[in-house]
Amino acid sequence: MNNIKITNLSFAYSDASDRLILKDIEASFEEGEFVCILGQSGCGKSTLLRLLAGLDLPTTGEIVIDAQQVKGASLDRSVVFQDYGLFPWMTAGENIMLALKQKYPKRDKKELKEITLTMLEKVGLDKSVFKKLPKALSGGMKQRCAIARALSVDPPIFLMDEPFGALDAVTRAKLQDLLLELWSKETVRKTVFFVTHDVDEAILLANRIIILGQSPSSIIFDKKLSDSVHAGREDVFNNPEILKLRNELIYNINKDVIEHY
């Protein structure tokens, strides 16, 4: 089990301003939830993700995963960033194998390469991509490589920071569908935290949506979605329940903006 509990969490940058970004975050998440984090730019969505990853530490409060306090990064929590995070001097395959070497230090290079090739195929890429440098790949291909790298170490918790934000609409839709397919087909589903500012993307992907308010941010909305909300992409603008949820999300985001204007 990988249940997550966030208690009294606040975060401020330790610089001259000491500006408080997050304040009094309280939440619990169950294993296998797909959580989308919504909110205006600058509200602390990415900061919360970095705290979950252990890349930053709370100013106050704590994040506990299965009775263990998060005190740093871990291979149990993989992160996919918007800018792909691929080392440009390494091939796509070498980028993935670098993560695998950390996870499986005793396995030989041949075995790690086989795992890498399997992961490339799993995210819809040809095996020839293994030998290509990131500069030779499209944005969608780079992000598929980043997803393959994160999945290759088989983490129970998957953290994604606006991973499709820089992609064109068609590529973005394909990767959204790929992510949902990979997540839904797992015997034991990963717990996914997905940062986005796109309400429709959140509705399409999540089975739980939280909204962060204006900085210093706290959770102003938290809702678990029923199965009927995931009727499919074609129903996002037709299903009455989805339209009601969409309006509810937009209302809460805008209401908070107006209140802090």
Side-chain angles (χ1 to χ4, degrees), residues 1-39 42-87 95-107 146-163 183 186 188-196 206 208 210-213 215-220 222:
M1 298 296 291
N2 284 277
N3 295 323
I4 300 168
K5 185 172 180 61
I6 302 175
T7 306
N8 193 34
L9 184 144
S10 297
F11 179 82
Y13 288 111
S14 56
D15 54 22
S17 66
D18 285 330
R19 184 168 65 94
L20 194 61
I21 306 300
L22 300 172
K23 182 180 180 181
D24 301 332
I25 302 289
E26 297 273 348
S28 296
F29 303 96
E30 296 178 358
E31 181 182 46
E33 286 192 302
F34 197 126
V35 183
C36 274
I37 306 172
L38 279 171
C43 72
K45 302 186 299 295
S46 295
T47 299
L48 179 57
L49 202 78
R50 290 180 62 85
L51 290 167
L52 285 164
L55 299 175
D56 287 319
L57 296 177
T59 302
T60 62
E62 63 180 8
I63 298 174
V64 174
I65 302 175
D66 287 343
Q68 296 294 320
Q69 185 177 353
V70 174
K71 295 183 178 180
S74 167
L75 290 172
D76 288 336
R77 301 184 299 278
S78 285
V79 186
V80 177
F81 299 102
Q82 183 175 340
D83 63 357
Y84 321 124
L86 300 175
F87 294 115
N95 269 280
I96 297 171
M97 286 181 67
L98 183 63
L100 286 169
K101 288 175 184 176
Q102 300 299 313
K103 178 74 173 184
Y104 308 113
K106 295 183 179 180
R107 296 190 182 183
I147 293 171
R149 180 179 59 186
L151 289 174
S152 68
V153 297
D154 195 24
I157 299 172
F158 204 48
L159 308 168
M160 309 187 78
D161 190 3
E162 296 193 59
W183 175 75
E186 290 185 313
V188 179
R189 289 180 176 175
K190 299 185 188 309
T191 304
V192 180
F193 290 90
F194 188 104
V195 167
T196 181
R208 182 174 176 180
I210 65 174
I211 298 175
L212 294 183
S215 184
S217 304
S218 58
I219 296 175
I220 62 171
D222 185 348

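Here, residue 1 is the first one in the sequence, and each next residue gets the next number.
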Checklist entry - Pairs in or reaching into residues 18-38: which pass ring pair (Phe, Tyr, Trp, His ring centres under 6.0 Å), with residues at least two apart or in two chains? => result Phe29-Phe193, Phe34-Trp183
Next on the checklist: Quick test of your reading of the model: are Lys190 and Asp154 salt-bridged, counting only N-O distances below 4.0 Å?
Outcome noted: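 Salt bridge: yes.
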Item to check | Pairing of Asp222 and Arg208 as salt bridge, 4.0 angstrom limit | outcome: yes
Are any side-chain N or O atoms of [X] and backbone N or O atoms of [Y], one a donor and one an acceptor, separated by less than 3.5 Å?
{"X": "Gln102", "Y": "Ala99", "value": "no"}
{"X": "Lys45", "Y": "Gly39", "value": "yes"}
{"X": "Arg149", "Y": "Val80", "value": "no"}

Separation of [Y] [atom2] from [X] [atom1] (nearest 0.5 Å):
{"X": "Tyr13", "Y": "Leu20", "atom1": "OH", "atom2": "CG", "result": "11.5 Å"}
{"X": "Glu26", "Y": "Asn8", "atom1": "CD", "atom2": "CG", "result": "5.5 Å"}
{"X": "Ser46", "Y": "Ile37", "atom1": "OG", "atom2": "CD1", "result": "8.5 Å"}
{"X": "Leu75", "Y": "Ser152", "atom1": "CG", "atom2": "OG", "result": "9.5 Å"}
{"X": "Ile21", "Y": "Arg50", "atom1": "CD1", "atom2": "CZ", "result": "12.5 Å"}
{"X": "Leu52", "Y": "Arg77", "atom1": "CG", "atom2": "CZ", "result": "8.0 Å"}

Checklist entry - salt bridge (charged side-chain N to carboxylate O under 4.0 Å, His left out) with Asp83: which residues, sequence neighbours excluded? => result none
Next on the checklist: Can you list everything that forms a side chain to side chain contact (heavy atoms under 4.5 Å, CB included) with Lys101? Sequence neighbours excluded, please.
Outcome noted: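 Residues passing side chain to side chain contact (heavy atoms under 4.5 Å, CB included) with Lys101: Leu112.
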